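The structure appears below as structure tokens.
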Amino acid sequence: MNKKLFVISGSSGVGKGTVLKGFLNKNPHFMLSISCTTRLPREGEVDGVNYFFLSKEEFQNCIDNDKFLEWAEFAGNRYGTKRKYIKQCLADGKDIILEIDTKGALQVKKQMPEAVLIFIAPPSLEALEKRLRGRQTEDEATIQKRLHEVKQELERAQNFDYKIVNDELERAVSELENVIIGEQKC
Ligand code: 5GP
């Protein structure tokens, strides 16, 4: 059976990570793709587990050598998915999910039209801002930058295949499960 690539995006602080975690707990055969980034690790993050943390030079080198399926700049840092890694996972029959920003997701869709794009949306912009501040991992300037990005992400999400509103965690997890399992049957 041909495996489908699922791409999940959502604004920062929307709880996309929690929805995904809920889905992965119930469907442990799915794996999250590990991205490359130039941002510094947050407390508790491990190289090769959460991300491959690259220097700016290393990241640029991957761009120059066309190693990325997609890459994007987000809030001053670069993030990218290695093409070879994804092709290998799909060839090995792995159920793989990319958790990337909307710009990257649209690049993936261009190259792999069969990829399924899912956007996790906040119930409202106010709720999103509150969550972002509650997380207390970013300073004010970074929060402002990210809120600006949110509006652009909501625009780009118009071109996604599915939109799931994270108003209630359990409901959002079930909806995500229905979308993914439904798509796998197609
Ligand atoms: P964070 O710094 O909070 O881990 O991630 C910031 C943003 O980068 C999130 O929206 C996340 O989905 C996105 N991101 C993570 N990995 C990738 C990637 O490989 N490519 C792209 N385009 N975005 C990514």
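Indexing begins at 1, ligand by ligand and atom by atom, following the structure's order. Bear in mind that the values here come from a model prediction, so they are computed numbers and not experimental data.
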Does [X] reach ligand 1 with a nitrogen or oxygen that is under 3.5 Å from one of the ligand's nitrogen or oxygen atoms?
{"X": "Ser35", "value": "yes"}
{"X": "Gly10", "value": "no"}
{"X": "Glu45", "value": "no"}

**Report entry** salt_bridge(Lys4, Glu114) N-O dist < 4.0 Å
**Finding:**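 Salt bridge flag = no for Glu114 with Lys4.
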**Report entry** Geometric class of the Tyr79/Tyr51 ring pair [parallel <30°, tilted 30-60°, perpendicular >60°]
**Finding:**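 It falls in the tilted class, 30° to 60°.
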Yes or no: does [X] have any heavy atom under 4.0 Å from an atom of ligand 1?
{"X": "Arg42", "result": "yes"}
{"X": "Glu99", "result": "yes"}
{"X": "Glu153", "result": "no"}

Closer than 4.0 Å to some heavy atom of [X] - which atoms of ligand 1 meet that?
{"X": "Glu70", "result": "18 (C), 19 (O), 20 (N), 21 (C), 22 (N)"}
{"X": "Arg39", "result": "1 (P), 2 (O), 4 (O)"}
{"X": "Lys16", "result": "9 (C), 10 (O), 11 (C), 12 (O)"}
{"X": "Thr81", "result": "18 (C), 19 (O)"}

Requested in this report: For the pair Lys82 and Leu69, evaluate side-chain contact (heavy atoms from CB on, under 4.5 Å) and give the outcome as yes or no after the intermediate values.
Outcome: CA-CA 6 Å; Lys82 290 266 185 79; Leu69 171 65; over 6 Å; no
Query raised in the report: So which bit of Tyr79 gets within less than 4.0 Å of ligand 1, heavy atoms only: side chain, backbone, both or neither?
Result: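 Answer for Tyr79: both.
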Query raised in the report: When you look at Phe30 and Ile180, which way does the side-chain contact (heavy atoms from CB on, under 4.5 Å) test go after all the steps?
Result: CA-CA 11 Å; Phe30 273 87; Ile180 291 182; 3.5 Å; yes
Report task. Apply salt bridge (charged side-chain N to carboxylate O under 4.0 Å, His left out) to Arg39 and list each qualifying residue two or more places apart in sequence or on a separate chain. Result ->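 If we apply the salt bridge (charged side-chain N to carboxylate O under 4.0 Å, His left out) test to Arg39, skipping adjacent residues, the hits are Glu45.
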Query - Heavy-atom pair of closest approach, residues Asn166 and Ala172 - result: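 Nearest heavy atoms, Asn166 then Ala172: OD1-CB, 3.7 Å.
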Query - Where Glu129 and Leu147 come nearest, the two heavy atoms and their spacing - result: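 Shortest heavy-atom separation between Glu129 and Leu147 comes out as CD-CD1, 3.7 Å.
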Report task. Could you pull out, from Asp101, Ile100, Val7, the option with a heavy atom nearest to atom 22 (N) of ligand 1? Result ->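 Ranked by closest heavy atom to atom 22 (N) of ligand 1, first place is Asp101.
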Query raised in the report: Between Phe68 and Phe59, is the ring centre distance below 6.0 Å?
Result: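 Centroid distance Phe68-Phe59: below 6.0 Å, so yes.
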